[in-house]
Amino acid sequence: QVQLVESGGGLVQSGGSLRLSCAASGSRFSINTMGWYRQAPGMQRELVATITSGGSTNYGDSVKGRFTISRDNAKNTVYLEMNSLKPEDTAVYYCNARILTMSKWGQGTQVTVSS
């Protein structure tokens, strides 16, 4: 079975930075797209950023210019560099990987930005 292991979440002050990582293991097939989504209390899960195996990226409007997604295909690992963090970025961040027609999710990691 495929497992996604996340790290890097935590508490940070407004204006600070964090770097999240997510490593996928156990897949028999290539991972097409990896990405990050987030969900705040009482809100729907929303797109943060995605990246294809070829390096094409997409970002949610609220994080453009502040967050950067990257991946290491050899390690099946995706990263999210978060800069100029705001209290509005506080949420549970979920790693996602698309393998063939399936979508896998990590357990989520809490990011809290203090004001």
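Heavy-atom basis, side chains included; hydrogens, waters and symmetry copies ignored. Every value quoted in this text rests on a predicted model; they were computed, and no experiment measured them.
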Could you walk me through whether Val111 and Met82 pass the side chain to side chain contact (heavy atoms under 4.5 Å, CB included) test, one step at a time? CA-CA 10 Å; Val111 172; Met82 304 185 293; 4.1 Å; yes

Tell me, with the steps shown, if Ile51 and Val78 meet side chain to side chain contact (heavy atoms under 4.5 Å, CB included). CA-CA 8 Å; Ile51 183 168; Val78 63; 4.1 Å; yes

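The minimum heavy-atom distance linking Cys22 with Leu4 is given by the pair SG-CB, 3.8 Å. Residues Thr109 and Gly9 approach most closely at OG1-CA, 3.5 Å, considering heavy atoms. Ser14 approaches Pro87 most closely through the heavy-atom pair OG-CD, 3.9 Å. Summarising the geometry of Ser17 relative to Asn83, their closest heavy-atom pair is OG-OD1, 2.9 Å, with the distance given to 0.1 Å.
Residues passing the side-chain hydrogen bond (donor to acceptor under 3.5 Å, both in side chains) test with Thr112, sequence neighbours excluded: Gln110. With sequence neighbours left out, the side chain to side chain contact (heavy atoms under 4.5 Å, CB included) criterion links Gln3 to Val5, Ser25. Under the rule for a ring pair (Phe, Tyr, Trp, His ring centres under 6.0 Å), the partners of Tyr37 that lie at least two apart in sequence or sit in another chain are Trp105.
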Atom pairs and distances, side-chain donor-acceptor, residues 93-101, under 3.5 Å, sequence neighbours left out:
{"unit_1": "Tyr93", "atom_1": "OH", "unit_2": "Arg38", "atom_2": "NH1", "d": "2.9"}
{"unit_1": "Tyr93", "atom_1": "OH", "unit_2": "Asp89", "atom_2": "O", "d": "2.7"}
{"unit_1": "Asn96", "atom_1": "ND2", "unit_2": "Ser103", "atom_2": "OG", "d": "2.7"}
{"unit_1": "Asn96", "atom_1": "ND2", "unit_2": "Lys104", "atom_2": "O", "d": "3.1"}

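With a 4.5 Å cut-off on side-chain heavy atoms, Ser53 and Ser30 do not count as touching. Under the 4.5 Å side-chain criterion, counting only non-hydrogen atoms from C-beta, Glu88 is not in contact with Thr90.
Interatomic distance, Asn32 CG to Thr50 OG1, rounded to the nearest 0.5 Å: 12.0 Å. Distance CG/Leu80 to OG1/Thr68: 8.0 Å, rounded to 0.5 Å. Atoms CD1 and CE, on Ile69 and Met34 in that order, are 8.5 Å from each other to the nearest 0.5 Å.
A single hydrophobic cluster is not seen to contain both Met102 and Val2; linkage of ILVMFWY side chains at heavy-atom distances under 4.5 Å, directly or through other members, places them apart. The cluster map of Ile, Leu, Val, Met, Phe, Trp and Tyr, joined by side-chain heavy atoms under 4.5 Å apart, puts Val48 and Val12 in the same cluster. The cluster map of Ile, Leu, Val, Met, Phe, Trp and Tyr, joined by side-chain heavy atoms under 4.5 Å apart, puts Leu47 and Trp36 in different clusters.
Glu6 places a side-chain N or O within donor-acceptor distance of the main-chain N or O of Gly108, the cut-off being under 3.5 Å. Panel note: side chain Arg71, backbone Thr52; a donor-acceptor pair is recorded below 3.5 Å. Although no hydrogens or angles enter the test, the distance criterion places a donor-acceptor pair under 3.5 Å between the side chain of Thr77 and the main chain of Lys75.
For residues 7-26, there are no ring pair (Phe, Tyr, Trp, His ring centres under 6.0 Å) pairs, not counting sequence neighbours. Pairs passing the ring pair (Phe, Tyr, Trp, His ring centres under 6.0 Å) check and including a residue from residues 54-79, sequence neighbours excluded, do not occur.
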